Amino acid sequence: MAHHRRGADPRFLNRRELIRRAGAGFGTLGLGALLEQSASAAPASAPAPGRKPGAKAPHFAPRAKRVIHLFMNGGPFQADLFDPKPAINKYAGQRPAEVQLRTENVTGALMPVASGFRRGGSSGLEVSELLPRFGELMDDVCVLRGVYTDNPNHGPALFMMNNGTITPTRPSMGSWMLYGLGSESDNLPGYVVLCPGRPVRFSELWTSAFLPGEYQGTYINHSNLKPQQMIPYLRHQTRDAETQRRQLDLLRQLEQAPAGGADTALDARVKAMETAFRMQFAATDAFDLALEPQSVREEYGSSHFSNACLVARRLAERGVRFTQVYYGNGQPWDTHSSHNEQTKGLCADIDRPMAALLKDLKRRGMLEDTLVVWGGEFGRTPTTEGSNGRDHSHFGFTMWMAGGGVKGGYAHGATDDFGFRAVQGRVHIHDLHATILHLLGLDHEKLTYRYSGRDFRLTDVYGNVVREILA
């Protein structure tokens, strides 16, 4: 009589192992790599009592339904773009007491700002001459000039901006949004991350951590614009839609069969498979920029950032809750050398698509309920690093918002005379997160998840809504 090792014979497979092996048989079911990524972030505990994952009801009437986050990874210099500081040029070459702040690297004297400023729109809000197209839209823009964070190193600062902590073990902002509100689309992920490469710390920046894995961000490298190349394994190579649907239905039946209680990790994996199945058809349309009129393509431009902004608009109108656009691979805005030359090129690249995105959303009646957020993980020093670079600065920097219930043509907060430290209307990242959640109809103190014996939230035990910027 033959003897079988437990686990080798299907008669002895438990439910998790059975579905794991069945899932492996799907091969290229669609977005195979994305399924594995989502499944790896399965929850370690059940949701807090009384709160249902994916609940769509906000705590109160929202001003925004969705967010597009334009992330300038590396950290732009605030006084180059939206926070004019003439004192920097006036005292260039000197090192006054106000700039005697400890930075990550040794810096020297004040380095002049190469670009000038002009007033944009009827509000007269100041904007760099490096952004001529975007400058025309300042009446729609709310500039936050007093933002600050806790750490001047890229990794911790990226975690703080994305996850609300300097450690990589907490859910990302997009995951919290999706957990609180759910997705408006059954056919696309509710949380999409676009980057033509890999930002520093990569998938830790859009992790769902201990939240259910279905709230993990879906990473898309849009370097190649063909949907089949942009999204690996988009279509199954051999099985038609009906066959795949039957397989998924069988997996769902097996997953729901009584076998020792709920398995949240397994549930998240099956939901990811179901989303991937539907994406085979919806994503071909959503990510195909060739479907856009040529006039719109020209309005946005043809760079990677241009294409990502246009994809973000297409995703927003199809119900994606949170789309994050990383400017580029690595840290493109990390200008430790040749700062002025690099910044000139970077601004030329973002000016056109940022302006096109706001105009396009406004033209389609979407800007009023789409919150657009722009900024990096921190700013840069007014003092020079080496001969022509700028170091990181977490003491004070600039971000902006548009649409989604914020005031347009308005600047909130201020840095000191040299743009180094936030001194008025200071906005910590916890305050920023609290405000974004508020605009989405979520109370940041009530959006909690019980894990490891305590209630967690995006803002930890801090954060105040910046009510001065609300329209």
Side-chain angles (χ1 to χ4, degrees), residues 68-89 111-149 161 305 309 327 332-333 335 339-340 342-355 357-358 371-382 390 392-403 406-427 429 431-432 435 466 468-469:
I68 297 175
H69 186 190
L70 307 178
F71 201 100
M72 305 297 106
N73 39 319
F77 179 43
Q78 52 277 9
D80 274 335
L81 301 172
F82 301 103
D83 189 12
K85 294 296 176 183
I88 295 177
N89 287 10
M111 186 172 82
V113 176
S115 58
F117 279 75
R118 67 183 184 89
R119 295 187 178 274
S122 59
S123 62
L125 193 59
E126 296 95 339
V127 60
S128 172
E129 293 176 348
L130 296 175
L131 301 172
R133 289 184 175 87
F134 189 76
E136 299 174 359
L137 304 174
M138 296 310 291
D139 289 345
D140 295 313
V141 176
C142 178
V143 178
L144 304 177
R145 291 177 174 163
V147 185
Y148 68 104
T149 188
M161 184 62 70
F305 185 68
C309 286
Y327 174 79
W333 289 83
T335 53
H339 171 84
N340 290 338
Q342 290 192 67
T343 298
K344 184 177 179 180
L346 291 164
C347 287
D349 196 40
I350 66 171
D351 181 39
R352 183 174 193 149
M354 289 197 314
L357 177 61
L358 293 194
L371 179 66
V372 183
V373 181
W374 178 95
E377 63 267 37
F378 41 50
R380 310 203 76 81
T381 60
R390 298 189 187 276
H392 313 157
S393 174
H394 64 295
F395 298 109
F397 60 102
T398 295
M399 299 182 68
W400 61 255
M401 297 180 175
V406 299
K407 293 178 182 177
Y410 175 71
H412 177 77
T415 50
D416 59 36
D417 290 341
F418 303 101
F420 211 159
R421 187 199 301 268
V423 293
Q424 295 179 14
R426 303 176 80 236
V427 176
I429 305 306
D431 304 324
L432 178 74
T435 304
V466 187
E468 294 89 340
I469 73 170

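Atom set for the values below is all heavy atoms of this structure, side chains included, hydrogens, waters and symmetry mates excluded. From a predicted model like this one, the values you see are computed outputs, not experimental measurements.
In this structure, the side chains of V141 and M138 come closer than 4.5 Å at one or more pairs of heavy atoms. Within the 4.5 Å cutoff, no side-chain heavy atoms of M399 are placed close to those of V427. At a threshold of 4.5 Å between non-hydrogen side-chain atoms, the residues I429 and V147 count as touching.
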Residues 124-132, side-chain donor-acceptor partners within the protein, below 3.5 Å, at least two apart:
unit_1: E126; atom_1: OE1; unit_2: R145; atom_2: NH2; d: 3.0
unit_1: E126; atom_1: OE2; unit_2: R119; atom_2: NH1; d: 3.3
unit_1: E126; atom_1: OE2; unit_2: R119; atom_2: NH2; d: 3.4
unit_1: S128; atom_1: OG; unit_2: D80; atom_2: O; d: 3.0
unit_1: S128; atom_1: OG; unit_2: L130; atom_2: N; d: 3.0

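To the nearest 0.5 Å, atoms CE (M401) and OH (Y410) are separated by 12.5 Å. Of the inter-residue distances, the one linking F77 atom CZ with W333 atom CH2 reads 12.5 Å to the nearest 0.5 angstrom. The line from CD of E377 to OG1 of T149 is 9.5 Å long, rounded to the nearest 0.5 Å. In this structure, H394 NE2 and R421 CZ are separated by 9.0 Å, a value rounded to the nearest 0.5 Å.
By the side chain to side chain contact (heavy atoms under 4.5 Å, CB included) test, R352 is found to be paired with R133, residues two or more places apart in sequence or in another chain being considered. Take D140 and apply the salt bridge (charged side-chain N to carboxylate O under 4.0 Å, His left out) test, not counting sequence neighbours, and it matches K362. Residues passing the ring-ring contact (aromatic ring centres under 6.0 Å, His included) test with H392 are H154, H336, F378, sequence neighbours excluded. With sequence neighbours left out, P112 forms a side chain to side chain contact (heavy atoms under 4.5 Å, CB included) with N89, A92. The ring-ring contact (aromatic ring centres under 6.0 Å, His included) test applied to H69 returns F71, not counting sequence neighbours. The side chain to side chain donor-acceptor pair (under 3.5 Å) search around Q342 returns none, not counting sequence neighbours. A search for side chain to side chain donor-acceptor pair (under 3.5 Å) contacts involving R118 returns nothing, not counting sequence neighbours. Shown here are the side chain to side chain contact (heavy atoms under 4.5 Å, CB included) partners of D349, two or more places apart in sequence or in another chain: S303, F305, Y327. Applying the side chain to side chain donor-acceptor pair (under 3.5 Å) criterion to R380, with sequence neighbours excluded, gives D334, T335. Annotation: ring-ring contact (aromatic ring centres under 6.0 Å, His included) contacts of F420 (sequence neighbours excluded): F395. Every side chain to side chain donor-acceptor pair (under 3.5 Å) that D83 has, sequence neighbours left out, goes to T415.
When all heavy atoms of D139 and G120 are compared, the closest pair comes out as OD1-O, 4.1 Å. Scanning both residues, P76 and L81, for their nearest heavy atoms gives CB-CD1, 3.9 Å. Heavy-atom minimum distance, C142 versus I469: SG-CB, 3.7 Å. For the pair L371 and G403, the tightest heavy-atom approach, listed with the atom from each and the gap, is CD1-O, 3.6 Å.
The aromatic rings of W400 and W374 sit parallel, their planes meeting at an angle under 30°, below the 60° perpendicular limit.
Annotation: K407, atom NZ; neighbour count of heavy atoms from other residues, nucleotides and ligands within 6.0 Å is above 12.
Panel note: side chain Q78, backbone G396; a donor-acceptor pair is recorded below 3.5 Å. In this structure, the side chain of R426 does not engage the main chain of G146 through any donor-acceptor pair within 3.5 Å.
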Item checked: Stepwise side chain to side chain contact (heavy atoms under 4.5 Å, CB included) check, L144 with L432 -> CA-CA 10 Å; L144 304 177; L432 178 74; 4.0 Å; yes

Item checked: Working for side chain to side chain contact (heavy atoms under 4.5 Å, CB included), residues I350 and F134 -> CA-CA 9 Å; I350 66 171; F134 189 76; over 6 Å; no

